[in-house]
Amino acid sequence: MTNHILRWGLLSTARINRSLIPPLRASPRHRLVAVASRDPDRAQSYAQAWQIPHAFGSYEAMLASPEIDVVYISLPNSLHAHWTIQALRAGKHVLCEKPLATRVEDVDAIAAAAAETGKQVAEAFMYRHHPQTLKVKALIASGAIGDVRLVRGSFTFTLTDRGNVRVNASLDGGSVWDVGCYPISYARMMIGTEPAEAFGMQFVGPSGVDETFVGTLRFGEDVYAQFDCGFRAPFRMNMEIVGSEGVIVIPRPFKPTAHETIYIGKASDQLEPITIEGPELLYLGEVDDMADAILNGTSPRISLQDSRANVAAMVALLQSAKEGRPIKL
Ligand SMILES: NC(=O)c1ccc[n+]([C@@H]2O[C@H](COP(=O)([O-])OP(=O)(O)OC[C@H]3O[C@@H](n4cnc5c(N)ncnc54)[C@H](OP(=O)(O)O)[C@@H]3O)[C@@H](O)[C@H]2O)c1
């Protein structure tokens, strides 16, 4: 760390890096210093195209560099836990793309590595840091809609690229890991407890992964979450929170812009708008949250316990769909 500036390295040349690079350049607490690729030529050309000072021809080489403080892991899902642990053991802090892992045991191994090394690690759910999300959470906490009874939401888009990592079973592709993780994470946060039971139904495509998934989580006596996700429907994302005394509708829950509107009312035919201003750069929240944790000693907004519970819910949903029965958590 140089004068309280975090030196970041991108672990892979993934498409999603494009969302992180502008916020890393917008804040004086961050400096993007390196990119690593499995392919040295790709690392070089990526570094040149994005004006990144250092290119590493392997992930190991970047992790061995003393010039890096924080690693952003933007690998396919099946590689998240392994490289998060390698980075922690190399003395780096880690911001890892969602899902943090695809097995609960792997989240526990990440937590053990973080505890051993004293380094920070957080899952990159950017929407969690946006003022819109915090506003919805505050409305619920204030009792604005009474007791939460049902959280319902969707995240779908049409995926036609059959070579995409999202439809690669060996890389833990699938719509639940890719986009279902958002409504599940959202519902758990707004309900404020963890699910007790999961039931899911899925369409498994020729890829061998779930390409459509419809799921239910039961949280308590009369508290549920329901969601659908998939790669075979038009782009849709939305959430609705139903309380004992009202309803909140969030039309853009996961990729909120700088100017958002949510709707709240005593019933669905009495909704009133609330406008919310946010940052121009959606992904600024997650990098600044890392900086607060590393430089100021705060706890990351998304704890490892939170990530663990999200992974546990998805594992149970996928098991339920496979076995055709509800799964207790
Ligand atoms: N938070 C968000 O808004 C958001 C949005 C999109 C994606 N994501 C997450 O980010 C991750 C990456 O998604 P993406 O769509 O950006 O992926 P992508 O463009 O396919 O990139 C994945 C990168 O991983 C590296 N890699 C290492 N082993 C690989 C393998 N066996 N097959 C393919 N690539 C491999 C490659 O980089 P090198 O070859 O250069 O090493 C590749 O560029 C996923 O976990 C996804 O869930 C998050």
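All residue numbers in this chain count up from 1 along the given sequence. Below, all heavy atoms of this structure are taken into account, side chains as well, without hydrogens, waters or symmetry copies.
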Looking at [atom1] of [X] and [atom2] of [Y], how far apart are the two atoms once the value is rounded to the nearest 0.5 Å?
{"X": "Ile73", "Y": "Cys96", "atom1": "CD1", "atom2": "SG", "result": "5.0 Å"}
{"X": "Leu88", "Y": "Thr117", "atom1": "CG", "atom2": "OG1", "result": "4.5 Å"}
{"X": "Glu240", "Y": "Met190", "atom1": "CD", "atom2": "CE", "result": "13.5 Å"}
{"X": "Gln132", "Y": "Ile276", "atom1": "CD", "atom2": "CD1", "result": "5.0 Å"}
{"X": "Tyr72", "Y": "Ile21", "atom1": "OH", "atom2": "CD1", "result": "9.5 Å"}
{"X": "Leu6", "Y": "Ile294", "atom1": "CG", "atom2": "CD1", "result": "5.0 Å"}

Criterion side-chain contact (heavy atoms from CB on, under 4.5 Å) on Leu24 and Tyr283, from CA distance to verdict: CA-CA 9 Å; Leu24 287 179; Tyr283 294 76; over 6 Å; no
With a 4.5 Å heavy-atom cut-off, do [X] and [Y] have their side chains touching?
{"X": "Glu323", "Y": "Ile327", "result": "yes"}
{"X": "Tyr46", "Y": "Ile52", "result": "yes"}
{"X": "Asp288", "Y": "Arg29", "result": "yes"}
{"X": "Asn238", "Y": "Pro251", "result": "no"}
{"X": "Arg166", "Y": "Trp177", "result": "no"}
{"X": "Ile250", "Y": "Tyr186", "result": "yes"}
{"X": "Val167", "Y": "Asp161", "result": "no"}
{"X": "Val70", "Y": "Val94", "result": "no"}

For [X] and [Y], test the side chains for any donor-to-acceptor distance below 3.5 angstrom and give the result as yes or no.
{"X": "Thr298", "Y": "Asp292", "value": "no"}
{"X": "His129", "Y": "Arg301", "value": "yes"}
{"X": "Thr102", "Y": "Asp172", "value": "yes"}
{"X": "Ser185", "Y": "Arg128", "value": "yes"}
{"X": "Asn17", "Y": "Ser74", "value": "yes"}

Would you call Glu123-Lys98 a salt bridge at under 4.0 Å N-O?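 No, this pair does not count.
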Does a side-chain N-to-carboxylate-O contact under 4.0 Å join Glu211 and Arg162?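 Yes, Glu211 and Arg162 are salt-bridged.
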Specify the closest pair of heavy atoms between [X] and [Y], including all atoms of both residues, with the distance to one decimal.
{"X": "Thr158", "Y": "Ala233", "value": "OG1-O, 2.9 Å"}
{"X": "Ser268", "Y": "Val247", "value": "N-CG2, 4.3 Å"}
{"X": "Ala198", "Y": "Ala316", "value": "CB-CB, 3.8 Å"}
{"X": "Leu271", "Y": "Gly265", "value": "CD2-N, 3.5 Å"}
{"X": "Ser12", "Y": "Val35", "value": "O-CG2, 3.7 Å"}
{"X": "Lys255", "Y": "Met237", "value": "N-SD, 3.7 Å"}

ILVMFWY cluster, [X] and [Y] together (side-chain gap under 4.5 Å):
{"X": "Leu171", "Y": "Leu75", "answer": "no"}
{"X": "Ile145", "Y": "Val249", "answer": "no"}
{"X": "Leu79", "Y": "Leu63", "answer": "yes"}
{"X": "Trp83", "Y": "Leu304", "answer": "yes"}
{"X": "Tyr263", "Y": "Leu150", "answer": "no"}

Among residues two or more places apart or on two chains, list those pairs meeting side chain to side chain donor-acceptor pair (under 3.5 Å) that have a residue in residues 269-281.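 For residues 269-281, and leaving out neighbouring residues, the side chain to side chain donor-acceptor pair (under 3.5 Å) pairs sorted by first residue read His259-Glu277.
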Could you check whether any side-chain N or O of [X] sits under 3.5 Å from a backbone N or O of [Y], counting only pairs where one atom can act as donor and the other as acceptor?
{"X": "His80", "Y": "Pro99", "result": "yes"}
{"X": "Ser320", "Y": "Arg325", "result": "yes"}
{"X": "Ser37", "Y": "Pro40", "result": "no"}
{"X": "Asp69", "Y": "Arg7", "result": "yes"}
{"X": "Thr156", "Y": "Pro234", "result": "yes"}
{"X": "Ser142", "Y": "Leu139", "result": "yes"}
{"X": "Asp39", "Y": "Asp41", "result": "yes"}
{"X": "His54", "Y": "Val33", "result": "no"}
{"X": "Arg103", "Y": "Asp106", "result": "no"}
{"X": "His130", "Y": "Thr257", "result": "yes"}

With sequence neighbours excluded, residues passing salt bridge (charged side-chain N to carboxylate O under 4.0 Å, His left out) with Asp210: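 Asp210 satisfies salt bridge (charged side-chain N to carboxylate O under 4.0 Å, His left out) with no residue once adjacent residues are dropped.
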Could you tell me whether Phe231 and Phe157 have their ring centroids closer than 6.0 angstrom?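 They qualify: ring centres under 6.0 Å apart.
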Just wondering, are more than 12 heavy atoms of other shown residues or ligands nearer than 6.0 Å to CZ in Arg25?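 It does: Arg25 CZ has more than 12 such atoms within range.
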Apply side-chain contact (heavy atoms from CB on, under 4.5 Å) to residues Arg218 and Val223 and explain how you reach the verdict. CA-CA 6 Å; Arg218 189 175 58 77; Val223 184; over 6 Å; no
Quick one, Leu281 with Met126, criterion side-chain contact (heavy atoms from CB on, under 4.5 Å). Give me CA distance, side-chain angles, the key distance, then yes/no. CA-CA 10 Å; Leu281 295 169; Met126 68 298 187; over 6 Å; no
Parallel, tilted or perpendicular for Phe155 and Phe254, by the 30°/60° rule?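 It falls in the parallel class, under 30°.
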Hey, what's the ring geometry for Tyr182 with Phe125, parallel, tilted or perpendicular (30° and 60° as the breaks)?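 It falls in the perpendicular class, over 60°.
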Checking Phe213 against Phe227 for the side-chain contact (heavy atoms from CB on, under 4.5 Å) test, could you report, in this order, the C-alpha distance in whole Å, the side-chain angles of both residues, the deciding distance, and whether it holds? CA-CA 8 Å; Phe213 200 100; Phe227 74 96; 3.8 Å; yes
